[in-house]
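A short worksheet on the structure shown next.
Only a predicted model underlies this, so the values are computations on that prediction, with no experimental measurement involved. Convention: sequence-line order gives letters A, B, ...; per-chain numbering from 1.
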Number of protein chains: 2
Amino acid sequence: MKSAAKAMQAEEVAETGAHQIRDAIREAIVERRLSPGTKLSESDVGNLFNVSRTLARAALQALSYEGLVSVEKNRGAFVAYPSPDEARQIFSARRLVEPGILREAAARITPDDISNLRELLQEEGRLMSERGQTARRAEIKASGDFHLMLAEISGNAIMQRFMEELVARSSLVIALYGQSTASSCGHSEHGDIISAIEDNELDRACQLMLHHIAHIESDLDLRERKSLGLKEAFEL
Amino acid sequence: MKSAAKAMQAEEVAETGAHQIRDAIREAIVERRLSPGTKLSESDVGNLFNVSRTLARAALQALSYEGLVSVEKNRGAFVAYPSPDEARQIFSARRLVEPGILREAAARITPDDISNLRELLQEEGRLMSERGQTARRAEIKASGDFHLMLAEISGNAIMQRFMEELVARSSLVIALYGQSTASSCGHSEHGDIISAIEDNELDRACQLMLHHIAHIESDLDLRERKSLGLKEAFEL
DNA sequence: GCGCAGAAAATCGTATACAATTTAACCGCC
DNA sequence: GGCGGTTAAATTGTATACGATTTTCTGCGC
């Protein structure tokens, strides 16, 4: 994400160390080192980063605004556990905004941007062939970064931030409801989208994007699993 | 905003009194009782609401995530003062998402919703004819509520929250760069949009929505006023 | 052994305390 | 009178303290 089209805004400086903690936890969630539902107690977070509960709390609070953790009054913070309905809303939102972002990005894209995108793509492909958790995590990140880079190129910082939220929450949803072992099956689709942009076939690019999102979504099993914590669990 | 289509989610309970403070300040900003750039010191906010700086700080922090307040490290919080570029991005984002929201809303809208919308519209019209600041503020609110109600009807809580942010920030932009005295000149346009939805003319409704947003934007003077705090200010 | 009341532990909600930084005030100096 | 520098006041950043709520544990009765 060291793209050329960065630096739109004056980089809201990290007003406090709480931001570092927030970013660290977010990364852990997005890379699925932290599972949905995991409790994030303020003391534990504070100890882990050697800060007081004040900062830990601020970081958790921030993450709750992004929908990545849910804080329950007097009970604490937990890694978000999006319901199937929430999951549908997240992808519905993506279908709604990503074509528009794509159009704006295409209008401003430079050759440099395209080569950056292709570079990212290549990296993604390389990681897919690798084994090991580290590679898998990096692959998840790279897959999301493709969508984020498009938002960045679009030049709209507000939409960019919104996409960051959506991509992060998507990662949670996939962790919860994804079925296929291959995490980012739609790798080639990213390449197709770039090609369509390059060829100035905007409508086709949008179609591909919608298809790509639908593809990701089709790998989810969004049936209500109401914990089935009764007899059914043992009736087999 | 007591619409029928509410209650999508389990209502994230107000985990603390900080939420009340946040909401109160946000309302003050949106209704333009607080001007862009106004300093919001933690002590002052705390005293005003009879709480400690801890809660005041949390509220300001929350507002900064919504883009209504900008906090500068070691300097404090201020009512946001969106740059012309930021203003363009806000409206660009609205053009991008509002047609999509409209389409989703139209697909789920009920006769009840329509009558609620018309009711809101009537209220808006009534306020337009009234005199006085109180009426003006209520009118500003009602004008935004139209867009928010559509988002609510769409049934997507995520898009709804995003629209809340965009509408609130739009209010700031209009306060800063609006020219016409009449705040929400596009009152009739709201009615046209409802009619188009009612007649099931979706494409036309979207066109009207885009036109409406463009109309609001056309009332802005987004030229860089770089404070012109040099000689120019006195050259006349 | 099971269930339930009550106490103890852990955790969160809020306030206060202290350190660090910025802003202002003051004062001698040119 | 204006200007720069030093010092005092105000404000933010972070930590700690204390009360409130929830959770867990314990032990008694059945």
Spacing of Q20(A) atom CD relative to dG13(D) atom P, expressed in whole Å:
15 Å
In whole angstrom, what separates F49(A)'s CZ from dT14(D)'s P?
15 Å
Any chance you could list the contact pattern along nucleotides 15-21 of chain D? Use B for base contacts, S for sugar-phosphate-only contacts and - for none, protein heavy atoms under 4.0 Å, 5' to 3'.
BBB---S
By side chain to side chain donor-acceptor pair (under 3.5 Å), which residues pair with D221(B), not counting sequence neighbours?
R223(B)
Test: salt bridge (Lys or Arg N to Asp or Glu O under 4.0 Å). Region: residues 45-55 of chain A. Which pairs qualify, not counting sequence neighbours?
E42(A)-R53(A)
Could you state the CD1-P distance from I21(B) to dG13(C), rounded to the nearest angstrom?
14 Å
Could you give the CZ-to-C1' distance, from F78(A) to dT23(D), as a whole number of Å?
11 Å
Please collect all ring-ring contact (aromatic ring centres under 6.0 Å, His included) contacts where either partner lies in residues 160-180 of chain A, sequence neighbours excluded, each pair once.
F162(A)-F162(B)
I need the CZ-P distance between R57(A) and dG13(D), as an integer number of Å.
17 Å
Atom CD of E42(B) and atom C1' of dG13(D): how far apart are they, to the nearest Å?
8 Å
Interatomic distance, D44(A) CG vs dA10(C) C1' [rounded to whole Å]
11 Å
Please name all residues satisfying ring-ring contact (aromatic ring centres under 6.0 Å, His included) with Y81(A), sequence neighbours left out, ordered by chain then number.
none
Quick one: is K39(B) getting a side-chain N or O under 4.0 Å of the dT12(D) phosphate, OP1 or OP2?
yes
With sequence neighbours left out, what residues match E31(A) under salt bridge (charged side-chain N to carboxylate O under 4.0 Å, His left out)?
R33(A)
Salt bridge check: are E217(B) and R94(B) linked by an N-O gap of less than 4.0 Å?
no
Consider the side chain of R75(A), meaning its heavy atoms from C-beta on, and name the nucleotide among dT12(D), dT23(D), dT23(C) that approaches it most closely.
dT23(D)
Please state how far atom CD in E72(B) lies from atom C1' in dT21(C), giving the value in whole angstrom units.
14 Å
